[in-house]
Amino acid sequence: EIDFFKIDFRVKSLYETLVSRTGLVIASSEEEFRAEACPPDMADILNFTAGRPVIHVKRYTFDDQYKCFEWCEQYERTDRFSIKVRSENH
C-alpha cells in the first residue's frame, strides 16, 4: 500500500512512484479532444463565459495488459490552449 501523502511529488512524479513501488508497466494512452460549449459549472472555475467554445479533453492511460489505471477529464479555454502533434515514421 502506498501512502501518497508521504511522497514529495516535487522530487518524484506519480508515474515514477507507481512504477518503482508496484512494478506497473505504462504502455499507452488515448486522448480525445472535443470542441464544446462551456458548461456553466466549468465557466466559474475557468473564469470564462458559459456557452463559449472550450476544448473538452478525456485521457485514458493503460498498462501492458491494456487495463486502464488512470482516467482524466478536463476543460481548456480556447483562448489559452494549443495542441502540437508530432508524427514519425519508424
Side-chain angles (χ1 to χ4, degrees):
E1 187 172 305
I2 301 173
D3 185 349
F4 291 101
F5 292 105
K6 293 183 178 178
I7 298 168
D8 185 353
F9 288 111
R10 295 170 296 177
V11 176
K12 194 171 190 179
S13 75
L14 173 62
Y15 281 10
E16 288 174 319
T17 301
L18 291 172
V19 168
S20 67
R21 298 215 182 167
T22 69
L24 176 71
V25 177
I26 302 168
S28 64
S29 65
E30 296 176 5
E31 288 188 273
E32 176 184 344
F33 301 87
R34 180 181 294 247
E36 298 181 358
C38 186
D41 58 329
M42 286 292 113
D44 290 338
I45 294 168
L46 295 173
N47 193 26
F48 207 53
T49 305
R52 286 189 61 194
V54 292
I55 303 296
H56 185 187
V57 182
K58 293 181 183 178
R59 182 178 66 240
Y60 306 89
T61 309
F62 303 93
D63 68 9
D64 59 338
Q65 302 298 310
Y66 202 68
K67 293 179 185 172
C68 182
F69 69 89
E70 180 198 33
W71 172 77
C72 176
E73 183 174 4
Q74 64 198 57
Y75 289 86
E76 300 289 346
R77 291 175 52 148
T78 51
D79 61 338
R80 298 182 182 172
F81 185 76
S82 67
I83 300 171
K84 182 177 183 178
V85 177
R86 179 181 174 150
S87 298
E88 294 184 13
N89 186 10
H90 293 280

*Asks:* Could you check whether any side-chain heavy atom of E70 comes within less than 4.5 Å of a side-chain heavy atom of R59, counting everything from C-beta outward?
*Replies:*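 Yes; the side chains approach each other to less than 4.5 Å.
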*Asks:* I need the F33 CZ to E76 CD distance, nearest 0.5 Å.
*Replies:*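 The distance works out to 9.0 Å.
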*Asks:* Is V19 linked to L14 within one hydrophobic cluster, defined over Ile, Leu, Val, Met, Phe, Trp and Tyr using a side-chain heavy-atom separation of less than 4.5 Å?
*Replies:*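 Yes, it is one cluster - the side chains of V19 and L14 are joined through contacts under 4.5 Å.
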*Asks:* Grab the two heavy atoms, one from F62 and one from S29, that are nearest each other, plus how far apart they are.
*Replies:*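 Shortest heavy-atom separation between F62 and S29 comes out as CD1-CA, 4.4 Å.
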*Asks:* Could you tell me which non-hydrogen atom of A50 sits nearest to which non-hydrogen atom of A43, and how far apart they are?
*Replies:*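 Shortest heavy-atom contact: N-CB, 3.5 Å.
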*Asks:* For the pair T17 and T22, evaluate side chain to side chain contact (heavy atoms under 4.5 Å, CB included) and give the outcome as yes or no after the intermediate values.
*Replies:* CA-CA 8 Å; T17 301; T22 69; over 6 Å; no
*Asks:* Would a 4.5 Å heavy-atom cut-off, applied to side chains only, mark V57 and E31 as touching?
*Replies:* yes
*Asks:* Check for a donor-acceptor pair, side chain of T78 on one end and backbone N or O of P53 on the other, with a separation under 3.5 Å.
*Replies:* yes
*Asks:* Give the cluster check for W71 versus F4: same hydrophobic cluster or not, with ILVMFWY residues linked at side-chain heavy-atom distances below 4.5 Å.
*Replies:* no
*Asks:* What's the separation between atom SG in C38 and atom CG in D44, rounded to the nearest 0.5 Å?
*Replies:* 9.0 Å
*Asks:* Between I7 and R21, does the side chain to side chain contact (heavy atoms under 4.5 Å, CB included) criterion hold? Intermediate values first, please.
*Replies:* CA-CA 12 Å; I7 298 168; R21 298 215 182 167; 4.0 Å; yes
*Asks:* Using atom types as modelled and distance alone, determine if a side-chain donor or acceptor of S13 lies under 3.5 Å from a backbone N or O of E16.
*Replies:*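 It does hold such a pair.
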*Asks:* Are the side chains of F48 and Y75 in contact, using a 4.5 Å heavy-atom criterion?
*Replies:* no
*Asks:* Could you give the distance from NZ (K67) to CG (L24), rounded to the nearest 0.5 Å?
*Replies:* 11.0 Å
*Asks:* Side-chain heavy atoms nearer than 4.5 Å, only ILVMFWY residues, links allowed to pass through others: does that put F81 and V85 together?
*Replies:*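 Yes, F81 connects to V85 through the hydrophobic network.
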*Asks:* Checking side-chain polar atoms at under 3.5 Å, does H56 have a donor or acceptor matched by the opposite partner on E32?
*Replies:*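 E32 and H56 do not have a side-chain donor-acceptor pair below 3.5 Å.
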*Asks:* With a 4.5 Å cut-off on side-chain heavy atoms, are R77 and I55 touching?
*Replies:*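 The answer is no, as the side chains (C-beta and beyond) never meet within the 4.5 Å cut-off.
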*Asks:* Would you please say whether a donor-acceptor pair under 3.5 Å links the side chains of Y15 and T61?
*Replies:* yes
*Asks:* Does Y66 belong to the same Ile/Leu/Val/Met/Phe/Trp/Tyr cluster as V25, with side-chain heavy atoms less than 4.5 Å apart forming each link?
*Replies:* no
*Asks:* Which distance, rounded to the nearest 0.5 Å, do you find between the NZ of K58 and the CZ of R34?
*Replies:* 7.0 Å
*Asks:* Inspect the surroundings of CG in D41 and state if more than 12 heavy atoms from other residues, nucleotides or ligands are less than 6.0 Å away.
*Replies:* yes
*Asks:* Do the side chains of I26 and D63 get nearer than 4.5 Å, heavy atoms only?
*Replies:* no
